[in-house]
2 protein chains.
Amino acid sequence: MANIGDVARAAGVSRATVSYLLSGKKRLTPETTQRIEAAIAELGFSVNSGARALATARTMTLGIVVQFHQAEFEPALATYLVAITDAAREAGYSVLLLTDADGPVAVRRAVSSRQVDGLVLLNVLEDDPRFAALTDSPVPAVLIGMPSDTRGIDAVDLDFETSATVLVDHLHEHGHTVVRFVTWPSAIYDAGHTFALRFRRAAHTRAAELGVTLLDSPCRDEPGLIREDLTRYLQQADEATALLVHNDGAVAMLPSVLHDTGLQVPQDLSVVSLHSAQLASFFALPFTAVESQARAAADLAVDVLLDRLRGSGPDGVRHVQLPPVLVDQGSVATR
Amino acid sequence: MANIGDVARAAGVSRATVSYLLSGKKRLTPETTQRIEAAIAELGFSVNSGARALATARTMTLGIVVQFHQAEFEPALATYLVAITDAAREAGYSVLLLTDADGPVAVRRAVSSRQVDGLVLLNVLEDDPRFAALTDSPVPAVLIGMPSDTRGIDAVDLDFETSATVLVDHLHEHGHTVVRFVTWPSAIYDAGHTFALRFRRAAHTRAAELGVTLLDSPCRDEPGLIREDLTRYLQQADEATALLVHNDGAVAMLPSVLHDTGLQVPQDLSVVSLHSAQLASFFALPFTAVESQARAAADLAVDVLLDRLRGSGPDGVRHVQLPPVLVDQGSVATR
DNA sequence: CTGAAAGCGCTTACAG
DNA sequence: CTGAAAGCGCTTACAG
């Protein structure tokens, strides 16, 4: 394969001149430019990325750190990966996938062998073990997720707190005062998933402010068990007039369980939910909801990280939360 | 950050000696080994991967070429990505994610800028546009998918033909002679998805051999439409006593539609299916089925690719098909 | 068993 | 506007 010397020789210039054309850092005469471009095209030359990385000390590569291996239960994961990679490519960056079961190890290896210029962390926990590997690292990172203490790391996510507020408000405005709050299995909260903790906390806070009673109703994590749990909740004779759902598995199962129990939405029961847009689309979910947009979060994360890499953007640590959009599908009745 | 020279100095040896320890290509005295190892640990040294790539002409990186952007409708995609990356890492390889909407461009760029030593192609079509970019490439590739003409490229996949045969046999053995074949939307076949074409062809061939009538019944590609299509098929008054399903969206919807139409499986209707293991697990699908295992295919693909890179393994082009496993869940009644 | 030296393919002050 | 030269951090025949 041709290297920069071959191009220089074919064009009758020095290697430096070819390099300047490639980087655009110096302006060349039109004739020189044209001769070099012709040589590049003829030889099918492209820059050896390893050599460039060595010379510039920049890899033009970002790493995505996927911490968990339950990819199967994360329908939005592929969307995140593809969206991050797309956004990175548009900025001239490649993407390395880092999936080690041991997150800190994955981070340290990529950083110390200088494989990446920056990192995107997916599936962030309140007290994430990867943080330690990041604090003494010369490589900037951005979290997709918003722990209460980000340790000085940039972070980006849907605004789960406002999302909860918006949904509780929506129910309250329609006259609902007792609401069943269908949540993730407790293991999700215990593990410290930031999206779950933030949403739950804000839902309770807002409900208290408005005098709305929230009945916590966790669903377990397998289809059969979720169905059982949901069925039990729906058949329970109590004063709950609405469901506030934050659990992708449960909301996916909900239409079928509603059907089985013969309850009509919104006549017999109102429903609002927070779930990923992927899930909504895959199941054509018919509920009024805030949909988390993996692509928007991914684009934002890459923007923030690139700002940091370029030294552009605002000073100081950045915490950016995407404003939720309520998609009203009429699944809430006025009481 | 420390480089190999810093380590050499700290250990009182030459850089070459450190390099030999790192690569294991020469045997050093225990004392030297120990001094170097101590220096490495103390300095927190690790090899600069770009520099190593430049010196060795090997990147130790594989590229995954994801061609389509409908990541949302591909629940197994994340599993493929994670599984390939895991397998690669175990062999000492990193993984670059290549998602350009223009597949051939993604391939050419990664190859010509020497970012990868090998490529894994996902979502392979019968007449895939990426093949052309591969034939004149010095970088070996493996397909996950099995076109009829692989152009000399290694390929790996579930054996969809045997899968179809096994499922048709299963129905035939239980006395079913008229079977409704619920298929993907015709666009899937028209686009040339190898898994769809191979399965359909083999199903028809086997059915013809056994004297089983297969009623082709495509489902469209949105939840609402799938439900409509399935409902219409189930209510159709004909002699079909069983369903053979090859359509992930349809099989996911099937339990609910069965419920609505009041049909009992297997009493009123027998069902067999081919779907991804991810789907089966996410929905707890209760049907006798062949489940496609993304992880198995990913492991196999990486094995084949690494054999090629090392020059090990059998000579010639390799086409490996994973034997299907029938998971009998009793959804077929004897007639 | 160990080391000096060339080379991988690029970039970038620096001099002209 | 262009080029000679040093340097990025490694590896690997080769000589000892």
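For B:Asp117 (side chain) and B:Thr59 (main-chain N/O), a donor-acceptor pair under 3.5 Å exists by modelled atom type. Judged purely by atom type and a 3.5 angstrom limit, B:Asp299 has no side-chain atom pairing as donor or acceptor with the backbone of B:Ala296. Side-chain atoms of A:Thr194 come within 3.5 Å of backbone atoms of A:Met146 as a donor-acceptor pair (strictly under, hydrogens ignored).
Comparing D:dC14, D:dC10, C:dG9 by their closest approach to the side chain of A:Asn3 singles out C:dG9. In the set D:dT12, D:dT11, C:dC10, the nucleotide with an atom closest to the side chain of B:Tyr20 is D:dT12. Of the listed nucleotides (C:dA4, D:dA5, D:dC8), D:dA5 has the atom at the smallest distance from the side chain of A:Ala16. Listed nucleotides C:dC8, D:dG3, D:dC10 differ in distance to B:Leu54; the shortest reach to its side chain belongs to C:dC8. Distances were taken from every side-chain heavy atom of A:Ala55 (C-beta onward) to each of D:dC14, D:dG7, D:dG3; the shortest belongs to D:dG7. Each of D:dC1, C:dC10, D:dG9 was ranked by its minimum atom distance to the side chain of A:Thr29; first place goes to D:dC1.
As a whole-Å value, the separation of A:Ile4 CD1 from C:dT12 P is 11 Å. Rounded to whole Å, the distance from CD1 on B:Ile36 to P on C:dC1 is 13 Å. Computed from coordinates, the B:Arg58 CZ to D:dT11 C1' distance equals 12 Å when rounded to whole Å. The CE-C1' distance, from B:Met60 to D:dT11, rounds to 14 Å in whole Å. The NZ atom of A:Lys26 sits 12 Å away from the P atom of C:dA15 (whole-angstrom rounding). A:Leu21 places its CG atom 14 Å from the P atom of C:dT12, with the value rounded to the nearest Å. In this structure, CD1 of B:Ile40 is placed 14 Å from C1' of D:dG9, rounded to the nearest angstrom. Atom CG of B:Asp6 and atom P of D:dC10 are 9 Å apart (whole Å).
Distances shorter than 4.0 Å separate none of the side-chain N or O atoms of A:Asn48 from OP1 or OP2 on C:dG9. Taking only side-chain nitrogens and oxygens, A:Thr56 never comes nearer than 4.0 Å to OP1 or OP2 of C:dT12. Using a 4.0 Å cut-off, some side-chain N or O of A:Lys25 falls inside it from OP1 or OP2 of C:dT12. For D:dT2, the OP1/OP2 oxygens have no side-chain nitrogen or oxygen of A:Thr17 closer than 4.0 Å.
Residue B:Ser113 is classed as having no contact, given no heavy-atom separation below 4.0 Å to the nucleic acid. Contact annotation for B:Arg15: base contact, defined as any heavy-atom pair under 4.0 Å involving a base atom. Residue A:Thr32 is classed as a sugar-phosphate contact, given heavy-atom separations below 4.0 Å to backbone atoms only.
Nucleotide C:dA15 forms a pair with D:dT2, judged by Watson-Crick or G-U wobble geometry with both contacts under 3.5 Å.
On the P atoms, C:dA6 is 23 Å away from C:dT2, given to the nearest whole Å. Comparing C:dG9 with C:dA13, their P atoms are spaced 23 Å from each other, to the whole Å.
With respect to A:Arg198 and A:Asp157, no salt bridge is recorded, no charged nitrogen being found less than 4.0 Å from a carboxylate O.
In the displayed structure, A:Arg27 atom CZ is contacted under 6.0 Å by at most 12 heavy atoms of other residues, nucleotides or ligands.
No donor-acceptor contact under 3.5 angstrom links the side chains of B:Thr85 and A:Thr99, judged on distance only.
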